[in-house]
Amino acid sequence: MNSVRSRKARQMTKTNKQSNMNLRAVLAATAAATVLAGCATSGNPKDPIEGYNRAMFSFNETVDKAVIKPVAQGYNYVTPQPVQTGVSNFFGNLADIWTSVNNLLQGKPGDALSDAGRVLINSTVGILGLFDVATPMGLEKHEEDFGQTLGRWGVGDGAYVVLPILGPRTVRDTVGLAADIYTDPVRDADAHRGYRNTAIALRAIDTRADLLKAEDALEAAALDKYAYVRDAYLQHRRSAIYDGNPPRQADDAALPSLPADSLTSNEPVESTWNLLLVGQSDMLDVKALETPEPAEAAAPAAE
Amino acid sequence: MFKRCVQFLLIAFTASAFAQATAVKAPDVLVKDVTEEVLTTLRTDPAIKAGDANKTAELVETRVLPHFNFTRMTALALGKEWRATTPEQKKQLTDEFRTLLVRTYSNALTSYKSQTIDYKPFKMGAADTDVTVRTQINQPNGRPIPLDYALEKQDNGWKVYDVMVAGVSLVTNYRETFAAEIRAGGVDGLVKALRAKNSSTAPTPAPSAAAAK
């Protein structure tokens, strides 16, 4: 009796192993196919692994639709507006610490000081950051992360990558994200682990809930949602690195009269795999970075 | 509060109508006037409040569109591909792209109608013909969203040729998608893709009211 059972058990482990191996083979084949598809379909130099990215994008969409979005909608429904604002403010206040450090790293001591002041004021007068009293006082909120700092230092975008769950990034921003996570004060909270994880989940849901409105506009706008999100992400990051005042790309200004050669020379493109690591550092106009004067740059040729 | 708003708008409107008759409206004033007018209508018009998408599109059509230069926008979205198109294709592309942008814009407006708008300080030289007017959407929850308009001066006033949301140009963001469509099916393929998109998002009863115009 006993031996029969053990034989059965052995058989079962065997089949398990087999199916595991099968699964692994399937996974490997899928991965290979994805990579090949990536090579085959990508016509875009900024997106050399488009095949993989598209697959991950639709995976993320599925997860979002099934789990994250419904939770965010539920959160939106049950949580009164002032509470949501408080939650956003609380995490925003914690984020300001890292923003301040990044502003310092980017050579903007004025902004860094202002961000540190925000944390000081909002943590005290704003009751642990639940109220953003610093903004009405004239200390504007900034959004900085380590990916932007790297960009400011001249590191190119690198290839576009869609990360599981976390969504669109570039290679540079993925490195930046690792630093952001490493220094995340919420992750670092030495309180009970349960609270920490709840806090991380709450922050994610709150962030997702903020995006619910933008989504409909996206659906209405996009011909190809994947490409629309990708290009918007890349443009948004470029703008963020220049603090909202990116130099206008060469071709834009030349368009109305459309002279013959004005459009061909924008953004020189190297062979794609270099982009994974270094990317187009020439996309960054170093001169524009050396004169960080947002308000003036806003209206070019104003004088 | 509300009464004062209406009063203010009435005064502003008369003043602006008067100003228009005499001189070209400054770009920042234009942006502000149009935005406020549209937002007021969105908040007060009963049909729009009830969710009538056609009515919203009509509002955009009559109040916003006259201030946009769609040919320039379409050229900008196509980039270098624009030069290789025939006049007929240019017209088709412009019509379809216009419909798409109207839908997108109307949709965004209805989502954000309860938000307030800040107008950033603006200055320009007397000889400038190309400027950016900066505004910001303040949401009750979440971060403010920068919303910038690029305008160029034309004989009949300033015309918007690009809208940037959080640094993302609603126009040039289409460039890669359009280029891919053209690579796959030529310019006519792109026209077809735009048509398909527009008919799929058409507000229910009258599909091509905007496209036919």
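Below, chains carry the letters A, B, ... as their sequence lines are ordered, and counting in each starts from 1. Everything numeric in this text was worked out from a predicted model, so none of it was measured.
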Considering only heavy atoms, which portion of A:E143 lies under 4.5 Å from any heavy atom of chain B: side chain, backbone, both, or neither? side chain
Which of the residues A:D224, A:T135, A:L223 is involved in the greatest number of heavy-atom pairs with chain B at under 4.5 angstrom? A:L223
Supply the atom-to-atom distance B:L93 CG to B:E88 CD, rounded to the nearest 0.5 angstrom. 10.0 Å
Please assess B:L151 against B:K159 for the test side chain to side chain contact (heavy atoms under 4.5 Å, CB included), listing each intermediate value before the final yes or no. CA-CA 5 Å; B:L151 298 97; B:K159 301 286 172 194; over 6 Å; no
Where on A:A222 is there a heavy atom nearer than 4.5 Å to chain B: the side chain, the backbone, both, or neither? backbone
Can you classify the ring geometry of B:F97 versus B:F178 as parallel (below 30°), tilted (30 to 60°) or perpendicular (above 60°)? perpendicular
Proximity breakdown for B:Y174 and chain A, heavy-atom pairs closer than 4.5 Å: side chain
Only counting residues at least two apart or in another chain, list the ones meeting side chain to side chain donor-acceptor pair (under 3.5 Å) with B:K153. none
Among B:A180, B:S169, B:P146, residue most engaged with chain A (heavy-atom pairs, under 4.5 Å): B:S169
Check A:S88 against A:D210 and note the closest heavy-atom contact, atom names and distance. OG-OD2, 4.0 Å
Where on A:R230 is there a heavy atom nearer than 4.5 Å to chain B: the side chain, the backbone, both, or neither? side chain
The criterion is side-chain contact (heavy atoms from CB on, under 4.5 Å); which residues satisfy it with A:T149, sequence neighbours excluded? A:N102, A:L105, A:Q106, A:F146, A:W153
Name the region of B:A150, side chain, backbone, both or neither, that has any atom closer than 4.5 Å to a heavy atom of chain A. side chain
B:T71 portion near chain A, given a 4.5 angstrom heavy-atom threshold: neither
